[in-house]
2 protein chains.
Amino acid sequence: MPVPISALERETGISKEVARKWEIRYGFPCPERDENGDRLYSAKQVLSLRLIRRLLGAGMRPGKVVGLDLATLEQLAQNVTPDMVAKSSNFSTRLLETLARHDLRQLEYLLRGQLHRQGLSLFARETVARLNVIVGEAWLRGEIRVFEEHLYSEVVRGILQEAVRTVTETSGAPRVVLSTAPGELHTLGLLMANAVLSLEGACCIGLGAQTPSIEIVTAVKVCAVDVVGLSFSIAHPARESAQYLRDLRSRLDPAVDIWAGGLGVARLRRMEGVRFMSTLEEIGPAVQTWLKREIPSRART
Amino acid sequence: MPVPISALERETGISKEVARKWEIRYGFPCPERDENGDRLYSAKQVLSLRLIRRLLGAGMRPGKVVGLDLATLEQLAQNVTPDMVAKSSNFSTRLLETLARHDLRQLEYLLRGQLHRQGLSLFARETVARLNVIVGEAWLRGEIRVFEEHLYSEVVRGILQEAVRTVTETSGAPRVVLSTAPGELHTLGLLMANAVLSLEGACCIGLGAQTPSIEIVTAVKVCAVDVVGLSFSIAHPARESAQYLRDLRSRLDPAVDIWAGGLGVARLRRMEGVRFMSTLEEIGPAVQTWLKREIPSRART
DNA sequence: AAACTCATAATGTCCATGACAAATAGCGGG
DNA sequence: CCCGCTATTTGTCATGGACATTATGAGTTT
């Protein structure tokens, strides 16, 4: 049950160094030691640290939350939970139940049905966006297992990817590259953005996760890209996100837009030359604006 | 151009601690320092370290290779390169060229054509397997950019995923869960295995990357799984792979098979109760064997 | 010659402590 | 209420050392 510090780092995303510093500064987490004096963190501590990381992501400071007991942390976590979860619909309840039963076929059937009822764009913007949050929350609260979350992700990924392929436009405008920052592994957001963008007529070039900023710059140059689309999950450290965006903005041709989306952008401060989108709904207008602005100037040339 | 130690860790997969120890023990990498005394690694050092990591993966010892100059390292790397690359075909050359031109449409066209010429199984086993190695090698040698590798991966992923969906069997046998160990992000191998397995009549349950062993165990119990399929890329540390497999084997019902594949398994020692497959070709026979062994005993009950 | 055993060396991970730059908060003046 | 400044908070890096684990290779047995 107890895990060494290396596992803690993997499971919570908190580096060994930080974990040790917190122990010194705030007296938490104060793990048991094995016979060699190595730290052994309890499952409870791991859970707390996950919540803490989440709260830090929401803008709280370590000094204020590191060391609070689990109940208090959960209390606080309530407040930073997007209210999407609150209006948990009939559909999402059914989906969670299906997930808990591991009925893959049914899961796929439910999602696919919803996709066809709503159409791809609404499905991605509404249903999947909400479900992601709900499933993530359920995991954070220990209501579903890690592998169940994986299962959900894979099924949704499959459905979205299939749908996206059928609407892909190779000659559309604007040309958008999509990726995530190093360390950010969550690619569902990219796929959702890809879906919405493609339906708006854009031409999407997916680079998958974790593209270093310098590589984005090269890709932009070489592929004649108009817009760089980045997705930041709530799990990604705000500092790194900001750093990455700053870095990218400074290296990139100012004529190229940067659009940053995902739940992680809510806590970023506004930044010159970067358009934050806290919702996929904003993609449509953004594309329209871009077209209005760019098409005339291109026709001229 | 020079990068701090945290970036080195990200780019090479060598931990900060190890990098510092090597510096003390072998005098390499001996980076510049910035005005605060923090290490700054040159691009050349990063390149060397990537090669070194590769050689270590192939079984060499740090004491022998850490500190050799770049040319020598590349020399050595030649020898550990799978000979798949040697017989680089006309097709792969054309594909690399297309990739270098960033002609996505052409890239997809080429691959798709090959898929239909060969059929999914052969395409996954032969073409994609070879291309992965070739592209990886090209990156290691600095011939293609990171983002180009990403591009390649995404296109192949899309094509494979689409193809896999059309042949998915929800009531097949054996029931196989597919995933990778924590730290292993390469999921193309899973998709390839999924393709071949599905065509052999198996029922595949993909869990995506990085499922902790304990979660696999739960998934196996809950989903009535017969076989656990894991993929290990060449980049994954052999020690961790072995650790993970041992751990998994000890926790899992002995009746459940473990099949480990990917380029990373070549250097693992054989292990009781784990079947290593260095090639996707071995999947077919494995499934056949499994069916012969299990079906009679099931009919009896 | 192959297989095995065991001491020795090689190697990665962890620990403790301290330094310091960057980010943030809180304060006071415009 | 906004802006700029200082004090504090916080993460990252450095050093040096301990230790468990794993591989190596010599010596022994089959």
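Note: hydrogens, waters and symmetry copies are ignored here, and every other heavy atom, side chains too, is used. The model shown is predicted, which means the values in this text are computed figures rather than measured ones. Sequence lines set the chain letters: A, B, ... in the order given, protein chains first and strands last, and positions in each chain run from 1.
- For the pair A/S6 and A/R246, both in contact range of DNA chain C, the more 5′-proximal nearest nucleotide belongs to A/S6.
- Within 4.0 Å of B/I24, counting heavy atoms only, lies no atom of the nucleic acid at all.
- Taking atom CH2 of residue B/W22 and atom C1' of nucleotide C/dG12, one finds them 10 Å apart after rounding to whole Å.
- Between A/N36 and A/G63, the one whose closest nucleotide on DNA chain D sits nearer the 5' end is A/G63.
- The outermost nucleotides of DNA chain D lying under 4.0 Å from heavy atoms of chain B, listed 5' to 3', are D/dC13 to D/dT24.
- Salt-bridge annotation for B/D257 and B/R293: present, with a side-chain N of the basic residue lying under 4.0 Å from a carboxylate O of the acidic one.
- Between the side chain of B/R20 and the base of C/dG12, no donor-acceptor pair under 3.5 Å is found.
- Within a 6.0 Å radius of CD in A/E281, other residues, nucleotides and ligands contribute more than 12 heavy atoms.
- Taking the nucleotide of DNA chain C with the nearest heavy atom to each of A/R25 and B/P62, the more 5' of the two is matched to B/P62.
- With respect to the salt-bridge test (charged N to carboxylate O, under 4.0 angstrom), the residues B/R53 and B/E11 do not qualify.
- Closest to the side chain of A/R39, from the set C/dC15, C/dT13, C/dT17, is C/dC15.
- Following rounding to the nearest Å, B/D38 (CG) and C/dA21 (C1') show an atom-to-atom distance of 9 Å.
- Counting non-hydrogen atoms of neighbouring residues, nucleotides and ligands closer than 6.0 angstrom, the CD atom of A/Q75 reaches no more than 12 such neighbours.
- Taking atom NZ of A/K16 as the reference point, atom P of C/dA16 lies 14 Å away to the nearest angstrom.
- For the residue pair A/E184 and A/S233, a side-chain donor N or O sits within less than 3.5 Å of a side-chain acceptor on the partner.
- Donor-acceptor pairing under 3.5 Å is lacking for the side chains of A/E149 and A/S153.
- Between the CE atom of A/M60 and the P atom of C/dA25 there is a distance of 12 Å, rounded to whole Å.
- Between the NZ atom of B/K64 and the P atom of C/dA10 there is a distance of 9 Å, given to the nearest Å.
- C/dC15 atom P lies 11 Å from atom CG of A/L8, rounded to whole Å.
- Using a 4.0 Å heavy-atom cutoff across all strands shown, A/R61 reaches sugar-phosphate atoms only and no base atom.
- A/E17 has its CD atom 14 Å from the P atom of C/dT13, to the nearest Å.
- Distance, B/K21 NZ to C/dC14 C1': 10 Å, rounded to whole Å.
- Using a cutoff of 4.0 Å between basic side-chain nitrogens and carboxylate oxygens, B/R33 and B/E23 are scored as salt-bridged.
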